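Please read the structure below before turning to the comments.
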Amino acid sequence: MAKREKAASAAGARFDGLPDALLDWYGRHARTLPWRIGPGERGRGVVPDPYRVWLAEIMLQQTTVPHAAGYFEAFTRTWPTVEALASAEDGDVMAAWAGLGYYARARNLLKCAREVAARGSWPRTEAGLRELPGIGPYTAGAVAALAFNQRAAAVDGNVDRVFARILAAKGEWKDEKRRIADLVGELVPEDRPGEFAEALMDLGATICTPKRPNCLICPLRAWCAAHAEGEPERYPMKPAKKAKPVRFGEVYIVRGASGVAVETRPSQGLLGGMLGLPTTEWREDGKAGRLDWIEGAQEIGEVKHVFTHFELRLRVLTVESEGALPDGYELRDSGSVADALPSVFRKALKLAS
DNA sequence: AAGTCGGGGAC
DNA sequence: GTCCCAGACTT
């Protein structure tokens with residue numbers, strides 16, 4: 001018995017042939033992406049650059065491929081190696097990440113780069129990678145498999161969906177996720193773990209999609225209980241989400257001789273470590289008041305912005321600055337600073353331009 | 001176990 | 001409007 005079937009047999013004969021069918025499909029339909037090497041190249045012993053694999057995986061956490069792609073190109077052009085990134089200024093990296101969201105990723109990206117540069121090399125195992133900041137269960141498995149060809153599983157949202165359907169998983173989603181992770185771990189082929197991980201993600205992204213899965217061309221149809229039932233789109237069965245409360249506040253475009261006033265936000269919490277415009281608290285009761293050091297500001301409109309766990313409505317006000325700014329604020333050219341701001345502040349600045 | 005943390009595209 | 005995306009971290 002070949003190694004591949006032997007690995008699958010631990011999960012029972014039910015999944016015999018599944019890894020081979022998936023890899024065969026991947027050989028013909030793999031997506032071409034900037035951080036990948038081709039499936040043919042892996043066969044000739046080519047291994048991707050761990051730095052590029054890691055950087056892409058961090059950027060792709062809860063982020064679509066089209067959105068991350070431009071950032072990946074910019075980062076690798078500016079910082080071609082992990083040593084280059086480790087030597088970068090914090091503010092430059094945060095500015096380059098602006099607009100990509102989940103800014104703790106950027107803070108941990110720098111911490112991780114500096115740890116790896118100090119060590120002199122990347123850990124090559126899943127457990128070793130898991131110790132680095134910003135690398136959780138998924139990313140540790142992905143980097144181990146993709147960059148180091150270790151027998152590790154990379155279970156992301158795509159893989160959860162694909163196997164929720166294959167199993168027709170009807171139990172508590174928390175329990176089903178654990179079951180899926182165990183199963184995928186058993187199915188990873190010893191000789192091609194990297195391609196197996198990419199193949200599952202490609203299948204989830206292009207065929208086993210959330211809304212209208214294209215079962216007619218799916219290489220795993222024969223193993224899929226949800227397809228047999230006839231309504232694959234019913235899976236995965238996730239718990240309902242909470243409604244987002246609305247918060248209110250004000251944001252100010254303070255114009256001075258050399259630009260607009262910005263601050264560097266505290267390194268913890270929402271938009272932590274990013275540049276921001278002067279703003280009040282954001283409160284659900286709307287009683288945020290005004291910034292006391294600003295006088296005579298004129299309201300020019302409102303911006304709406306949706307964060308992960310609340311919706312924000314910000315009144316936008318403009319004012320000409322006269323005296324010195326309070327500690328923590330500085331003037332920046334209003335044209336160039338926009339690129340370094342998180343989206344909510346970009347919207348406000350655009351309204352005033 | 002639940003909450004925090006961004007942004008945008010597809011529908 | 002809803003859903004979700006190559007999730008991790010804190011409490």
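Small disclaimer: the values here were computed from a predicted structure and weren't measured. Lettering of chains follows the sequences in order, A, B, ..., and the numbering in each one begins at 1.
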Nearest-nucleotide comparison on DNA chain B, the residue closer to the 5′ end among A:R178 and A:A104: A:R178
Mind calculating the distance between NZ (A:K244) and P (B:dG3) to the nearest angstrom? 13 Å
Measuring only the P atom in each nucleotide, how far is C:dA6 from B:dC11? A whole number of Å is fine. 14 Å
Quick one: which of C:dC4, B:dG7, C:dA6 gets closest to the side chain of A:K241? C:dC4
Would you list the atom pairs, donor with acceptor, under 3.5 Å between side chains in residues 152-167 of chain A and any protein atom, with sequence neighbours excluded?
unit_1, atom_1, unit_2, atom_2, d
A:D156, OD1, A:N158, N, 3.3
A:D156, OD1, A:V159, N, 3.0
A:D156, OD2, A:N158, ND2, 3.1
A:N158, OD1, A:R161, NH2, 2.8
A:D160, OD2, A:K177, NZ, 3.4
A:R161, NE, A:C208, O, 2.7
A:R161, NH2, A:G204, O, 2.8
A:R161, NH2, A:C208, O, 3.4
A:R165, NE, A:P232, O, 2.9
A:R165, NE, A:Y235, O, 3.1
A:R165, NH1, A:C208, O, 3.4
A:R165, NH1, A:T209, O, 2.8
A:R165, NH2, A:T209, O, 3.2
A:R165, NH2, A:P210, O, 3.0
A:R165, NH2, A:Y235, O, 3.1

Nearest-Å distance, NZ (A:K347) to P (B:dG6)? 14 Å
Residues of residues 69-81 of chain A with any non-hydrogen atom less than 4.0 angstrom from an atom of DNA chain C: list those, numerically ordered, please. none
Below 3.5 Å between N/O atoms, which protein atoms pair up with nucleotides 9-11 of chain C? Just atom names and distances, please.
unit_1, atom_1, unit_2, atom_2, d
C:dC9, OP1, A:G134, N, 2.4

Do the charged groups of A:D182 and A:R179 touch, with an N to O distance under 4.0 Å? no
Roughly how many Å apart are C:dC3 and B:dG6, using the C1' atom of each and rounding to a whole number? 15 Å
Test of ring centre spacing under 6.0 Å for A:Y51 and A:W122: no
Kindly indicate whether the side chain of A:E41, heavy atoms from C-beta on, has any atom under 4.5 Å from the side chain of A:P48. no
Rounded off to whole Å, could you give me the CZ-to-C1' distance for the A:R247 and B:dT4 pair? 10 Å
Spacing of the C1' atoms in C:dC4 and B:dC5 (rounded, Å): 16 Å
Does a side-chain N or O of A:Y102 approach OP1 or OP2 of B:dT4 to a distance below 4.0 Å, or not? no
Within the structure provided, determine whether A:T63 and A:Y71 are in side-chain contact (heavy-atom separation under 4.5 Å). no
Side-chain (A:R31) to main-chain (A:A205) donor-acceptor, under 3.5 angstrom: no
Assign A:W35 to base, sugar-phosphate, or nothing according to its heavy-atom contacts below 4.0 angstrom with the strands shown. base
Pair A:E302, A:K304 - check salt bridge (charged side-chain N to carboxylate O under 4.0 Å, His left out), show working. CA-CA 7 Å; A:E302 186 187 63; A:K304 294 182 184 177; 5.1 Å; no
Measure the spacing between CD1 of A:I253 and OG of A:S334 and express it to the nearest 0.5 Å. 9.5 Å
List, one per line, each side-chain donor-acceptor pair under 3.5 Å for residues 128-146 of chain A, sequence neighbours excluded.
unit_1, atom_1, unit_2, atom_2, d
A:R130, NH1, A:I135, O, 3.2
A:Y138, OH, A:E57, OE1, 2.7
A:T139, OG1, A:Q61, NE2, 3.0

A:W35 and A:V65: side chain to side chain contact (heavy atoms under 4.5 Å, CB included), yes or no, with the steps? CA-CA 11 Å; A:W35 43 86; A:V65 165; 4.0 Å; yes
Please pick, from B:dC11, B:dG7, C:dC5, the nucleotide with the shortest atom-to-atom distance to any side-chain atom of A:Y103. B:dG7
Distance, nearest 0.5 Å, that separates CH2 of A:W173 from CD1 of A:I180: 4.0 Å
What is the distance, rounded to the nearest whole Å, between atom CD of A:E233 and atom P of C:dC3? 15 Å
How does the hydrophobic cluster around A:V254 look, that is, which other residues are in it when side-chain heavy atoms under 4.5 Å mark a link? A:Y252, A:L291, A:W293, A:I294, A:L317, A:V319, A:L325, A:Y329, A:L331
What residues, two or more places apart in sequence or in another chain, satisfy salt bridge (charged side-chain N to carboxylate O under 4.0 Å, His left out) together with A:R124? none
When you look at NZ of A:K350, are more than 12 heavy atoms from neighbouring residues, nucleotides or ligands closer to it than 6.0 Å? no
Contacting residues from residues 264-288 of chain A, given that a heavy atom lies under 4.0 angstrom of DNA chain B: A:G269, A:L270, A:L271
Sorted by first residue and then second, give each side chain to side chain donor-acceptor pair (under 3.5 Å) pair with at least one member in residues 269-287 of chain A; sequence neighbours left out. A:T279-A:W282, A:R283-A:D285
Would you find a donor on one side and an acceptor on the other, under 3.5 Å apart, between the side chain of A:R290 and the backbone of A:A297? no
Below 4.0 angstrom, which residues in residues 154-175 of chain A have at least one non-hydrogen atom near DNA chain C? A:D156, A:G157, A:N158, A:R161
Taking any heavy-atom pair under 4.0 Å as a contact, classify A:L33: base, sugar-phosphate, or nothing. base
Give one of base, sugar-phosphate or nothing for A:P342, where a contact means two heavy atoms less than 4.0 Å apart. sugar-phosphate
Can you check the A:K238 NZ to C:dC3 C1' distance for me, whole Å? 9 Å
Is the ring centre of A:H305 less than 6.0 Å from the ring centre of A:F307? yes
In Å, rounded to the nearest 0.5 Å, how long is the span from CZ of A:F75 to CD1 of A:I58? 11.5 Å
So, with a heavy-atom separation below 4.0 Å from DNA chain B, the residues of residues 89-101 of chain A are A:G99, A:L100, A:G101
Specify the separation, in whole Å, of atom NE2 of A:H67 and atom P of B:dG8. 5 Å
Is it true that A:R28 and A:D24 have a side-chain N and a carboxylate O under 4.0 angstrom from each other? yes
Between A:R247 and A:L312 (side chain of the first, backbone of the second, donor and acceptor by atom type, cut-off under 3.5 Å), is there such a pair? no
In residues 55-64 of chain A, which residues come under 4.0 Å of DNA chain C by heavy atom? A:E57, A:L60, A:Q61, A:Q62, A:T64
Measure NZ/A:K242 against C1'/B:dG3 and give the value in whole Å, please. 8 Å
Taking the side chain as every heavy atom from C-beta outward, state whether A:V262 and A:L277 have any pair of such atoms under 4.5 Å apart. yes
Here the distance between atom C1' of C:dA8 and atom CG of A:L109, to the nearest Å, is 13 Å
In residues 302-317 of chain A, which ones come under 4.0 Å of DNA chain B, going by heavy atoms? A:H305, A:F307, A:T308, A:H309
Do other residues, nucleotides or ligands put more than 12 heavy atoms under 6.0 Å from A:E299 CD? yes
